[in-house]
Amino acid sequence: MCGIVGFTGELPAKDILISGLEQLEYRGYDSAGIAILDQEKGLLLKKKTGHVADLREAAKDMDTAGTCGIGHTRWATHGGVTEANAHPHNCGSVTLIHNGIIENYRELTVEYGLSEKLKSETDTEVVAALLDKIYEGDPIVAIRKTVKLLAGTFALCIMFSDRPNVIYCVRNVSPLVAAVFDEGTIIASDLTALIPYSKKYFVVPEYHILTMMKDSIHVEDMKGNKVTPEILTVDWDINSAQKGGYPHFMLKEIYEQPEALERTIMPRVSDGMPDFTEDGIPDEVLEKVKRVVVVACGTAMHAGMVGAKVIESRLRIPVQVEIASEFRYKDPIIDEEALTVILSQSGETTDTLEALKIAKSRGSKTISIVNVKGSTIARESDYVLYTHAGPEIAVASTKAYTVQISAMYLLAARMGFVKGILSEEETKEFIAKLSGAGELISKTLENANNIKRIANHIKLAQDVFYIGRGIDYTMSLEASLKLKEISYIHAEAYAAGELKHGTIALISENVPVIAIATEPSVYPKTISNMKEVKSRGAYVILISQDAEKPDDSVCDRQIRIPDAEPTFSVFSTAAVLQLIAYYTSDARGLDVDKPRNLAKSVTVE
Ligand code: M6R
């Protein structure tokens, strides 16, 4: 949450900062601001509520060639969406931006008598005031002392007015990546703001202080020892982080799924078998597993639920799926017999990260399924299975979800094989079907116009219900989340058999009920549930395998997906539910990629 960018070098900073914020806007878009240390004019500050485009407009009157500055796009935590609360915050000789939450800001305000200095309601400004109070001419000393006093999470980029052309940075949990290139040095909360300048970068180590100068970055630990961070190479280019002719990132990312699946699955298949040699996951870890605990948030958790269904039904190994924010506070029953699988696109979600730490501390081996290289969750887990979706910019997760499912399936297949539950032939057959996941999505996307027409029908609904059984119920959960988050239509997912235990009371004339029914074993049961709602006036849409030909008494519309085993139909279903949400949001004239109140990575609890 919140996007951070800082630049110092030979080029005018203003445009670099604003362009960087545009790339990072998916991290938060309540308000934005920049601060530039101009050699002649001193500190220049511009903040604006709304989108970065509003800041760009407002910054037109900033006449500066200053080459050192910091910028921030905010997702409000402490204090409403106002210019005063927007970052950067200045106090005396200190100007800074912050991502994270300072939990003890009240105590610090009282203990250090800072209230007189504060002009906003933010926790961040307290850090600026504290740092200014402590500062006696040596930035590193002041930062060390300040950081020791902070409780919470933070990525901070700081300018001191008597240190022109230098930016100081420090972080705990909240991410920062940095790079040196020919014309300067740059730092940001994620790679999208860096890649126009450099393919080489490093992840800022936690509790280390960076001194960013025009041509180099000095990194030291809290004791002042020089540290040389590992230089990484970005494996995607700037085009992956642009719309490439699509009206929205979300639509582009939906269409990128076949390639993303190919990149995630195929390097892990050798001679038709799942193979984690390159990932460094030893078979012994999978062989020993007695039970699996899957922990994640939101869409990532829904991907974990799909994987769990397959592990349970095919391998008969018990799997527990946990919401990370619940898991971490419930004193979970977990030990060395359980394998913990953590899913996270960003690799930075705070609740998921903390859940991972708990599982590890109780002796469970941890495998994370993560999309962002070098992210905190990836670094903290025992083993990582990177998904290769490429950057996911739209707040609503799409391609990250399907590649997470594919990674869960790969894990299931290898686990089944090494435990002797699946024969080599069965494993190969499973992997061959998984390898066709991208093709299933491509075929489903050919039906996009039909789905668009259906979305046009539901765009005026107040409520939408998704129903399904078994694996289709887990898909319903994701379907309703996707629809809610970008169309703002109230949507609920129900296990189809549960409807008549209460929820059916909500069914009235024309309420859309979308039934997902891809499992032949329970298809007739779901059809009965559809008839129950149809006879109460619901407008029923059926998502089913192509082979199913229900009569008109069952549904008003049908979305046919390519025939496949239900385990693999999930990929087609995913594309359908993503398109329903996308087209509904677009038809309602909403900001599809940046839905209200949300941000891409949730780095606060
Ligand atoms: O980065 P993560 O996968 O850990 O994020 C978890 C959720 O915040 C995320 O999946 C969220 O639910 C999606 N943006 C919804 O589309």
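Atoms within each ligand, like the ligands themselves, are counted from 1 in listed order. Along the sequence shown, residues are numbered consecutively beginning with 1.
Listed by number with element, the atoms of ligand 1 under 4.0 angstrom from any heavy atom of Ser344 are 1 (O), 2 (P), 3 (O), 4 (O). The atoms of ligand 1 that sit less than 4.0 Å from any heavy atom of Ala300 are 3 (O), 10 (O). Atoms of ligand 1 found under 4.0 Å from any heavy atom of Ala396, numbered from 1 in the order shown, are 16 (O). In the vicinity of Lys482, heavy-atom distances shorter than 4.0 Å reach the ligand 1 atoms 15 (C), 16 (O). With ligand atoms numbered from 1 in the order given, ligand 1 contributes 1 (O), 2 (P), 4 (O) to contacts under 4.0 Å with heavy atoms of Ser346. Distances below 4.0 Å separate heavy atoms of Gly298 from the following atoms of ligand 1: 12 (O).
Here the two rings, on Phe430 and Phe568, have centers that are under 6.0 Å apart.
Judged by distance alone, the side chains of Asp593 and His248 never bring a donor and an acceptor atom under 3.5 Å apart. Using modelled atom types, one finds a donor on one side chain and an acceptor on the other under 3.5 Å when comparing Thr518 with Asp472. Ser381 and Lys360 share no side-chain donor-acceptor pair at under 3.5 Å.
For the side-chain hydrogen bond (donor to acceptor under 3.5 Å, both in side chains) test, residues two or more places apart in sequence or in another chain that qualify with Asp275 are Ser270, Thr277.
Between His87 and His98, the two ring planes are parallel [angle under 30°; tilted spans 30° to 60°].
Nearest protein heavy-atom neighbour of atom 15 (C) of ligand 1: Glu485 OE2, 3.0 Å. Closest to atom 5 (O) of ligand 1, if we only count protein heavy atoms, is Thr349 OG1, 3.5 Å. Atom 3 (O) of ligand 1 has its closest protein heavy atom at Gln345 N, 2.6 Å. In this structure, the protein non-hydrogen atom closest to atom 8 (O) of ligand 1 is Val602 CG2, 3.9 Å. Protein heavy atom in closest approach to atom 9 (C) of ligand 1: Thr299 N, 4.0 Å. When only non-hydrogen protein atoms are considered, atom 14 (N) of ligand 1 lies nearest to Val395 O, 2.8 Å.
Not close to ligand 1: Glu348, with no non-hydrogen atom less than 4.0 angstrom away.
Between the side chain of Thr387 and the main chain of Ala389, no donor-acceptor pair closer than 3.5 Å is present. With hydrogens and angles ignored, the 3.5 Å screen pairs a side-chain donor or acceptor of Tyr488 with a backbone N or O of Arg596.
Proximity annotation for atom 7 (C) of ligand 1: of Ser375, Ala324, Cys297, Cys297 comes nearest, heavy atoms only.
Residue pairs meeting the side chain to side chain donor-acceptor pair (under 3.5 Å) criterion with at least one member in residues 446-455: none, sequence neighbours excluded.
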